[in-house]
Amino acid sequence: MVEIAENPQTQDAPETSVPDITELNNKGYKLYPKIKLYDVIFKRFFESDENLKKLYESVSNRKIRVEDIERVTLEEGKSFETQMTNDLGFLVKNADGQDEFLFLVEAQSTWNDNMPYRFWDYLVEIFRKYTRDHHLDKHGDVHFFLPRPCFYLIYTGSGNKPDKLGFAEKMFRSGKRDGFDLDFGIHVISSPDSKTVPGQYVGFSKIVSRLRKDCKTYVEFVTKLREECCKKEYDLFVKFIDDNRAEMEMDMAQTLRSEQDFDDYMAQTFRSEQDFDDYMAQRDEIVVAKATPEIVAKATPEIVAKATPEIVAKATPEIVAKATSEIKKQTFIELYTEGLLSAEAAAKKLNMTVPVFLDLVKASV
């Protein structure tokens, strides 16, 4: 019989050669950043000013013009003060052309009770930028107005969730607001509804979540996605699929590839005790072979320079550019021949016609 120590914490911890999981995750994400399908789709869908207008009208029951909207989404690299990013932020003007409302929208597939604080963080940063851009002096004698913030959380995950989240309720120990103490509410939208924009997005995302596990090819995935959106009368997303079919096939391909590359890296690293830099040197060739075309186009010159600096030093920019282009073509040819991508999608990404692309495929056989 094995004796169990009365106080296990006093026992000496066994030595382990397993790398630190947090450190590995951070290194893994830097080398193989996971592409989040929902984030890509959400951003592309709301790149349309008309869809943004419909979103506002859907939740406010107020008609506006596209000209009444100004985007204020926080984007990485757009500010020297912060690298904070959020999903969607936009200002809505009133009849007098003044900024009346500030809408902040976040889409989440996993529940997070800290969302009220995250909204608060985004709001402070956007207000800081707003007052600076409009030359509003908080220390001055001239009173100024700010747009009224409205918060919306579009939740596409599982489980029943409340319709509203209160800042004080979630973030303060007492959970109550007293007089003028800080509080605000977040509208939570988590049910599919063909009659509203966020409701269609929830339903669309749930279909995506199911189909991405069942479909064997990206072409099948997009085809079935459109069919089910038609049945559910998600008309906005039927049109979105029709307008972005090739891009959606690529989104799916890149998402799965990025996830697989990350998983391969983690599995390989846990089997090995070698230094991360040595591991990187041995993985250069695999990085080029498995990376998405966009990553290849960006990273190939750097990888080649690291591996064979004496060759690249002599190579002309035209030679490097041509080599990168050939790798990109070969990647799309392989995706097509494996039945993972349609000829239309591959040709569009390579900026060529379908017949020209098919000729490339024939020549590569």
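Note that the structure is a prediction, hence the values are computed from the model and not measured.
The same ILVMFWY cluster, assembled from side-chain heavy atoms under 4.5 Å apart, contains both Y117 and L182. No continuous path of hydrophobic side-chain contacts links V238 to I41 [ILVMFWY only; heavy atoms under 4.5 Å]. Under the 4.5 Å side-chain heavy-atom criterion for ILVMFWY residues, a single connected hydrophobic cluster contains both Y56 and I154. At a threshold of 4.5 Å between side-chain heavy atoms, the hydrophobic network of Ile, Leu, Val, Met, Phe, Trp and Tyr places I207 and F204 in one connected group.
A salt bridge does not link K129 to E125: none of the charged nitrogens lies less than 4.0 Å from a carboxylate oxygen. Comment: R65 engages D68 in a salt bridge, judged by a side-chain N to carboxylate O separation of less than 4.0 angstrom.
Aromatic rings of F90 and F103 (six-membered ring for Trp) have centroids within the 6.0 Å cut-off, being under it. Taking the six-membered ring wherever Trp is involved, the centroid distance between the rings of F45 and F237 falls below 6.0 Å. Aromatic rings from F167 and F172 are positioned such that their centres are separated by under 6.0 Å.
Taking the side chain to side chain contact (heavy atoms under 4.5 Å, CB included) definition, one finds that D49 meets it with V66, R71, sequence neighbours left out. Remark: T223 pairs with R245 by the side chain to side chain donor-acceptor pair (under 3.5 Å) rule, at least two apart or across chains. Qualifying side chain to side chain contact (heavy atoms under 4.5 Å, CB included) partners for V142, counting only residues two or more places apart in sequence or in other chains: none. The side chain to side chain contact (heavy atoms under 4.5 Å, CB included) search around E220 returns C215, K216, T217, K224, not counting sequence neighbours. Residues meeting the side chain to side chain contact (heavy atoms under 4.5 Å, CB included) test with T353, sequence neighbours left out: P355, V356.
The minimum heavy-atom distance between L74 and Y122, with the atom names listed, is CD1-O, 4.1 Å. The shortest heavy-atom contact between V188 and P162 is CB-O, 3.1 Å. When every heavy atom of E247 is checked against every heavy atom of D243, the shortest pair comes out as OE1-O, 4.4 Å. The shortest heavy-atom contact between T73 and G89 is OG1-N, 2.9 Å. Contact record, D183 with G166: OD1-C, 4.0 Å, taken as the closest heavy-atom pair. Heavy atoms only, all atoms of each residue included: P192 and Y234 are closest at CB-OH, 3.5 Å.
Counted within 6.0 Å of NZ on K232, heavy atoms from surrounding residues, nucleotides or ligands total 12 or fewer; the atom is thus considered open. Crowding of E47 atom CD: a count of heavy atoms from other residues, nucleotides or ligands under 6.0 Å exceeding 12. Heavy atoms of other residues, nucleotides or ligands lying less than 6.0 angstrom from CG of D163 number 12 at most.
Counting heavy atoms from C-beta on, the side chains of K362 and F357 never come closer than 4.5 Å. Using a 4.5 Å heavy-atom cutoff, the side chains of L55 and N51 are not in contact. Here the side chains of M248 and F240 are in contact, with some heavy-atom distance below 4.5 Å. Side chains of R62 and E57 form no contact here, defined as non-hydrogen atoms less than 4.5 Å apart. By the 4.5 Å heavy-atom criterion applied to side chains, F42 and T156 are not counted as neighbours. V208 places a side-chain heavy atom less than 4.5 Å from the side chain of L225. Looking only at side-chain heavy atoms (C-beta outward), M352 and L360 come within less than 4.5 Å of each other. Side-chain contact between S190 and V202 is absent, with no heavy atoms from C-beta onward closer than 4.5 Å.
With values rounded to the nearest 0.5 angstrom, T131 atom OG1 is found 12.0 Å from I126 atom CD1. Rounding to the nearest 0.5 Å places OG of S58 at 8.5 Å from CD of Q200. Taken from CD1 in I186 to CZ in F119, the straight-line distance is 5.0 Å, to the nearest 0.5 Å. The structure places OG1 of T85 at 9.0 Å from CG of D39, a figure rounded to the nearest 0.5 Å. Atom-to-atom distance recorded for L102:CG and R148:CZ is 12.0 Å, nearest 0.5 angstrom. Taking NZ of K54 as the start and OG1 of T196 as the end, the distance is 13.0 Å to the nearest 0.5 Å.
Between the side chains of S342 and E249, at least one donor N or O sits under 3.5 Å from an acceptor N or O. Looking at N86 and E75, their side chains never bring a donor and an acceptor atom within 3.5 Å of each other.
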Requested in this report: Step by step, work out the side chain to side chain contact (heavy atoms under 4.5 Å, CB included) result for V197 and L236.
Outcome: CA-CA 8 Å; V197 176; L236 290 175; 3.6 Å; yes
Report task. Take E169 and L165, measure what side chain to side chain contact (heavy atoms under 4.5 Å, CB included) needs, and give me the verdict at the end. Result -> CA-CA 8 Å; E169 173 191 0; L165 284 178; 5.7 Å; no
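Listed by first then second residue, pairs satisfying side-chain hydrogen bond (donor to acceptor under 3.5 Å, both in side chains) with a partner in residues 94-115 read K93-D99, N94-Q98, N94-E100, D99-Y130, W111-D113, D113-K170, not counting sequence neighbours.
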